Engineer: 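Just passing along the structure, written as structure tokens.
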Amino acid sequence: MGELLNFFVKNSKWFVFAIFVVISCMLLFNGNPYQQHVFFTSAGRMASSVYRTGSNVTSYFNLREINDDLNRQNAMLQQEIVGLREQIEDFREKSFTDTLVPDKGVEHFDFIVAHVINNSISKPYNYLTINKGSKDGVRSELGVIDRNGVVGIVSNVGPNSARVISLLNPNFRLSCKIKRSDSFGSLVWDGKDPRQALLEELPRHTVFQPGDTVVTSGYSAVFPAGLPVGVVLEDDVDHNQNFFTLKVLLFADFTTLGNVQVVVNNYREELEALKAGEDRTDKAKKLGL
């Protein structure tokens, strides 16, 4: 207690000065409206600055909770986006199916609508992947087309997806013909331009003009006859040969593949059985049986 009294006695001058300053300020601000306005304005600014600083400090310590909440909301939004994308793809597939026009020449063919989920166009041997597999009726060696033309042929099949040999693959050869002349040959990609392919082994007497349509010949159980493939650009080989080659501008745009159709030939097993019977007959004739 004595030390406290000594402290007040020792600093009594400062306490007296502080008291006089407070009394002076009260007299000044209470008796003068202008000084009173300045005081309250300054006090308000100072209080606002203090509150803002306190709010910033509080927000800093709450950042972890805020970040966790944002992550939860982001996860929910991602789920909604995925769901909306799936709905959009379903609508696209339904719309794509509704636009198909039945043709009497393809009555024994069925078409499975699928979506391309992976695709390559710049490799020497290109493939693509679709989101339909054995559960949906897809099997190997089925043709694949889109709205514009031929895309490829199924090579490997899983339960829910399938791998397709792209037309942009030198291992895939497609029997085609020029629509106006019915001369046919083999369409193959030369590994250069993804927009073009070569129609090879055309007879020398073939009549054509640039702009003529190239379609599937129908000489296989994979694709029906008359499916569009592309248009003739120009001849690529000297006509003095027995066969020559044409450059073909492909209808299918492999850079923007989306929905495609897997072509199912309902007569395929019957055709393959007939072909196997013919092969056995030919073999028996060669053996002299």
Side-chain angles (χ1 to χ4, degrees), residues 85-122 126-133 136-139 141-155 157 161-169 172-180 184 187-189 193-199 211-233 246-266 268:
R85 285 177 177 172
E86 290 179 351
Q87 292 180 17
I88 290 172
E89 291 303 326
D90 289 340
F91 288 138
R92 284 178 177 174
E93 289 187 4
K94 291 178 181 178
S95 175
F96 185 62
T97 304
D98 293 341
T99 59
L100 300 179
V101 179
D103 192 313
K104 293 182 179 180
V106 294
E107 288 180 349
H108 60 280
F109 286 89
D110 290 328
F111 299 90
I112 302 172
V113 178
H115 187 73
V116 176
I117 56 178
N118 188 30
N119 183 26
S120 65
I121 62 171
S122 59
N126 294 292
Y127 295 85
L128 55 99
T129 305
I130 58 176
N131 66 343
K132 296 293 176 68
D136 306 290
V138 178
R139 59 180 184 270
E141 298 184 8
L142 294 183
V144 179
I145 63 175
D146 74 346
R147 278 196 182 94
N148 300 315
V150 174
V151 171
I153 188 170
V154 177
S155 59
V157 181
S161 61
R163 195 183 193 200
V164 178
I165 301 177
S166 173
L167 184 59
L168 305 182
N169 190 317
F172 177 39
R173 302 183 73 89
L174 178 65
S175 178
C176 295
K177 64 181 180 180
I178 299 176
K179 191 173 183 180
R180 70 191 299 264
F184 67 92
L187 187 80
V188 63
W189 187 55
D193 191 337
R195 298 169 299 176
Q196 298 180 14
L198 300 177
L199 184 57
D212 284 348
T213 303
V214 176
V215 298
T216 54
S217 65
Y219 296 156
S220 72
V222 179
F223 295 101
L227 289 179
V229 176
V231 294
V232 176
L233 290 177
L246 299 180
K247 285 184 179 179
V248 177
L249 179 65
L250 300 174
F251 285 141
D253 186 356
F254 288 85
T255 63
T256 59
L257 285 180
N259 289 322
V260 295
Q261 298 167 273
V262 180
V263 183
V264 182
N265 188 347
N266 296 320
R268 179 179 176 182

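Quick caveat, the model's predicted, so the values are computed rather than measured. Reckoned from all heavy atoms, side chains included, excluding hydrogens, waters and symmetry mates.
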Engineer: Going by side-chain contact (heavy atoms from CB on, under 4.5 Å), Cys176 matches just one of Val214, Val150, Val188. Which one?
Structural biologist: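 Only one option passes, and that is Val214.
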
Engineer: So do Leu168 and Leu250 actually touch side chain to side chain, heavy atoms under 4.5 Å?
Structural biologist: yes

Engineer: For Lys132 and Val262, what are the C-alpha separation, side-chain angles and deciding distance, and is it a side-chain contact (heavy atoms from CB on, under 4.5 Å)?
Structural biologist: CA-CA 9 Å; Lys132 296 293 176 68; Val262 180; 5.7 Å; no

Engineer: Is a donor on one side and an acceptor on the other found under 3.5 Å between the side chain of Asp110 and the backbone of Val264?
Structural biologist: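 Not confirmed, Asp110 side chain does not pair with Val264 backbone.
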
Engineer: Mind running side-chain contact (heavy atoms from CB on, under 4.5 Å) on Phe251 and Val231 for me, showing each step along the way?
Structural biologist: CA-CA 8 Å; Phe251 285 141; Val231 294; 3.4 Å; yes

Engineer: Quick one: pull up CG in Leu257 and NE2 in His115 and give me the separation to the nearest 0.5 Å.
Structural biologist: 10.0 Å

Engineer: Has the side chain of Asp146 got a donor or acceptor atom that lies under 3.5 Å from a matching backbone atom of Val260?
Structural biologist: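 Here the side-chain-to-backbone pair does not exist.
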
Engineer: Working note: Trp189 + Leu198, criterion side-chain contact (heavy atoms from CB on, under 4.5 Å); need CA distance, chi angles, decisive distance, verdict.
Structural biologist: CA-CA 6 Å; Trp189 187 55; Leu198 300 177; over 6 Å; no

Engineer: Roughly how far, to the nearest 0.5 Å, is CD1 of Ile178 from CG of Leu246?
Structural biologist: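 These two atoms lie 5.0 Å from each other.
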
Engineer: At what distance, to the nearest 0.5 angstrom, does CD1 of Ile121 lie from OG of Ser166?
Structural biologist: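 Atom-to-atom, Ile121:CD1 and Ser166:OG are 9.0 Å apart.
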
Engineer: Quick one: pull up CZ in Phe254 and CG in Leu128 and give me the separation to the nearest 0.5 Å.
Structural biologist: 7.5 Å

Engineer: So if I apply the side-chain contact (heavy atoms from CB on, under 4.5 Å) rule between Leu174 and each of Ile153, Leu187, Leu199, which one comes out positive?
Structural biologist: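 Of the listed options, the one satisfying the test is Leu187.
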
Engineer: To the nearest 0.5 Å, tell me how far Asn259 CG sits from Ile130 CD1.
Structural biologist: 11.0 Å

Engineer: Are Thr216 and Val222 close enough that some pair of their side-chain heavy atoms sits under 4.5 Å apart?
Structural biologist: no

Engineer: State the CD1-OH distance between Ile165 and Tyr127, to the nearest 0.5 angstrom.
Structural biologist: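 These two atoms lie 5.0 Å from each other.
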
Engineer: Are any non-hydrogen side-chain atoms of Leu227 and Val215 less than 4.5 angstrom apart?
Structural biologist: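 No, too far: nothing below the 4.5 Å cut-off.
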
Engineer: Can you sort out the partners of Phe184 under ring pair (Phe, Tyr, Trp, His ring centres under 6.0 Å), two or more places apart, ordered by chain and number?
Structural biologist: Tyr219

Engineer: Using the salt bridge (charged side-chain N to carboxylate O under 4.0 Å, His left out) criterion, which residues pair with Asp193? Sequence neighbours excluded.
Structural biologist: Arg195

Engineer: Okay, side chain of Ser217, backbone of Lys177: is any donor-acceptor separation there less than 3.5 Å?
Structural biologist: no

Engineer: Specify the closest pair of heavy atoms between Pro224 and Val263, including all atoms of both residues, with the distance to one decimal.
Structural biologist: CD-CG1, 3.8 Å

